[in-house]
A.B. asks: 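Supplied in structure tokens, the structure appears directly below.
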Amino acid sequence: MLSLKFIRENIDKVKLSLQHKNVDFDLETLFSHDDKRRDLIQVVEQLKSERNTATKVIADKKKNGEDATTAIEKMRAVSEKIKVMDQDLKQIDDQIFNNLLFIPNVYHDSVPIGQTEGDNALVREWGKKPQFNFTPLSHLELSEKYNLFDFKRATKMSGSGFPLYRGMGAKLERALINFMLNFHVEKHGYEELFPPFLTTREATTTTGQLPKFQEDMYHISGDDLYCISTAEVPVTNIHRDEQLEEENFPYKYTAYSACFRREAGSYGKDTRGLLRLHQFNKVEMVQFVHPDTSYEILETLVNDAEDILQALGLHYKVVALCTGDLSFSAAKCYDIELWAPGEDKYLEVSSCSNFESFQARRGNIRFRRSDTNKLDFVHTLNGSGVATPRLMVALLETYQKADGSIEIPEVLVPFMGIDTIK
RNA sequence: GGAGAGUUGGCAGAGCGGUAAUGCAGCGGAUUGCUAAUCCGUAGACCCUUUAUAGGGUCUCAAGAGUUCAAAUCUCUUACUCUCCGCCA
């Protein structure tokens, strides 16, 4: 969420961001609500001030055994007025707050301008596309061979879009999760968390999934809980309504979670196998940092995700999202795309974003600045490190051999106990 | 699911209709050869005035609603915490 003050002071920036994110929003109405609110506050506070003085007078009179009836009668009318005005004020406050929740974050100056995916900027590539002296199979064909995934039977359980991993497929999935968690903890200094997978409406609003993207979330109506679409939701809320210590920056957390997405509106896109799912596994990194350093840290966060892919020896590219492709809450975002030889395309496996104070404001996550001694909002960052389904696809397709076997990358062998699937 | 107790400032803890004691910690200041001790100040959100410094006001005792001239205090609803019982991987 942006503050009204920020919006008023950076109106051009906000308008541009609305335009690039294709959001239709009436700022003028918002401002007029705010003006009305200020007027109301002035009047009602004047009345309250009167009441507070009168109340002391009444108390004194009663103490001295004098008659206070006239004063009480007078205050009765004032109190009635205050009551009505307070209700009006609350209504307008709610209205303003609810409007603010629908304004997207503004983008950072370094974000490339553009409308669609095609306008994203290539930042760097690592490794090369592997060469095969045979036609590489897709992950689905490999799965058929080794019975790694069972989509057909999964349908009996949950309908389409929910993967069932079997045998070596299940073990490899577990190995990937364990490998990534260990890596971030041991090599990158994150604290490991294992969070709840259902979150409250309030927690889900902090990170920006609600209220705007309600239709993308699975919702448990009986308890008003939401199935998390990423571990970002519970993990970011670990410090909601807290004041963090400046000397402890950056706060670094990594967490595995299952992720649930309804993917409303994307039917028919990438429906093959593991490419787009309603439930998948992901290891996430979340950081709470000092505002002055958040953009430097974003770079290191991307590197942390890249380290995983380098350790696994997979070719990828890093892309800076353009203004039009940027998500609602992000000020800047890098995507990492893995090469999948069997699919013959790059697959997005990670998004690393700086949200600046957008989420911190919604979740009231602050710290006291030593330079000004004032409270300020922290910056939050998060990145996938990384999502497993497409990682699994790229891995299987990259490491397949001419004899039909699949090599296990060295770093995963301790977790798998074997070095080849055959 | 049932019964009971509780939720007050960073922490501890009083107040139970007249508008938040006190202690500890942190921070700032004073004093002081140094340290310690002592003393003073000390929150946040919002609104107004002001070029600024600064000043004034309103609100905040888990959240919301109600009673009242006046609510931390009384009533109702909700959330959370603890204890016991039941159920349960």
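Throughout, a chain's letter reflects where its sequence line sits, starting with A, and its residues are numbered from 1.
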A.B. asks: In whole Å, what separates the P atom of G64(B) from that of U53(B)?
C.D. replies: 32 Å
A.B. asks: Treating S353(A) as the side-chain partner and F355(A) as the backbone partner, does any N or O pair qualify as donor plus acceptor under 3.5 Å?
C.D. replies: no
A.B. asks: Using whole Å, report how far CD of Q243(A) lies from P of A25(B).
C.D. replies: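 It is 20 Å, rounded to the nearest whole Å.
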A.B. asks: Classify the nucleic acid contact of S79(A) as base, sugar-phosphate or nothing, counting any heavy atom under 4.0 Å across all strands shown.
C.D. replies: sugar-phosphate
A.B. asks: Start at the 5' end of RNA chain B and walk down; is the nucleotide closest to Q42(A) or to E45(A) reached first?
C.D. replies: Q42(A)
A.B. asks: Take atom CZ of R38(A) and atom P of A45(B), then tell me their distance rounded to the nearest Å.
C.D. replies: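 Taking CZ of R38(A) and P of A45(B), I get 16 Å after rounding.
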A.B. asks: What is the distance, rounded to the nearest whole Å, between atom CD1 of I41(A) and atom P of C48(B)?
C.D. replies: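 In whole Å, C48(B) P lies 8 Å from I41(A) CD1.
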A.B. asks: For the P atoms, the ones on U58(B) and on U67(B), what distance do you get once it is rounded to whole angstrom?
C.D. replies: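 Approximately 23 Å lies between the P atom of U58(B) and that of U67(B).
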A.B. asks: To the nearest angstrom, how far is R366(A) atom CZ from A43(B) atom P?
C.D. replies: 14 Å
A.B. asks: I82(A) has an atom CD1; how far is it from atom C1' of U68(B), in whole Å?
C.D. replies: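 Going from I82(A) (CD1) to U68(B) (C1'), I get 13 Å.
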A.B. asks: Between Y251(A) and H239(A), do the side chains contain an N or O donor and an N or O acceptor separated by less than 3.5 Å?
C.D. replies: no
A.B. asks: Please determine whether the number of non-hydrogen atoms from other residues, nucleotides or ligands lying under 6.0 Å from atom CD of E410(A) exceeds 12.
C.D. replies: no
A.B. asks: Taking G55(B) as the reference, what is the distance to G41(B) when you measure between their P atoms (whole Å, please)?
C.D. replies: 15 Å
A.B. asks: Could you tell me the separation between the NZ atom of K81(A) and the P atom of U68(B), rounded to a whole number of Å?
C.D. replies: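 Value for this atom pair: 19 Å.
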A.B. asks: Does a nitrogen or oxygen in the side chain of S49(A) sit under 4.0 Å from OP1 or OP2 of G57(B)?
C.D. replies: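 It does not, given that no N or O in the side chain of S49(A) lies less than 4.0 Å from OP1 or OP2 of G57(B).
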A.B. asks: Please measure how far the C1' atom in C61(B) lies from the corresponding atom in G17(B), and state the result in whole Å.
C.D. replies: 15 Å
A.B. asks: Answer with yes or no after comparing the ring centroid distance for F149(A) and Y165(A) against a 6.0 Å cut-off, counting only values under it.
C.D. replies: yes
A.B. asks: Heavy atoms from C-beta onward define the side chain here; which of U68(B), C59(B), A43(B) lies closest to that of R76(A)?
C.D. replies: U68(B)
A.B. asks: Expressed in whole Å, how much space separates the P atoms belonging to C87(B) and A14(B)?
C.D. replies: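 Per the computed distance, 37 Å lies between those P atoms.
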A.B. asks: May I ask you to evaluate whether K83(A) reaches the phosphate of U67(B), defined as a side-chain N or O under 4.0 Å from OP1 or OP2?
C.D. replies: yes
A.B. asks: Taking atom CG of N178(A) and atom CE of M416(A), what is their separation to the nearest 0.5 Å?
C.D. replies: 11.5 Å
A.B. asks: Would you mind pulling out the nucleotide paired to A12(B), Watson-Crick or G-U wobble, both distances under 3.5 Å?
C.D. replies: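 U22(B) is the nucleotide pairing with A12(B).
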A.B. asks: Side chain of R37(A) only, please: which of C47(B), G66(B), G64(B) is the nearest?
C.D. replies: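 Between C47(B), G66(B), G64(B), the one nearest the side chain of R37(A) would be C47(B).
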A.B. asks: Should N52(A) be listed as having a side-chain N or O under 4.0 Å from OP1 or OP2 of C69(B)?
C.D. replies: no
A.B. asks: Which one, G44(B), U58(B), G18(B), comes nearest to the side chain of L375(A)?
C.D. replies: G44(B)
A.B. asks: Rounded to the nearest angstrom, tell me the gap between atom CG in D93(A) and atom P in U60(B).
C.D. replies: 14 Å
A.B. asks: C48(B) P sits how many Å from K5(A) NZ, rounded?
C.D. replies: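 The answer, rounded to whole Å, is 12 Å.
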A.B. asks: With a 3.5 Å distance limit and no angle check, can you tell me whether T388(A) reaches the backbone of F280(A) through a side-chain donor-acceptor pair?
C.D. replies: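 Absent.
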A.B. asks: Touch check for K62(A), heavy atoms < 4.0 angstrom, all strands: base, sugar-phosphate only, or nothing?
C.D. replies: base
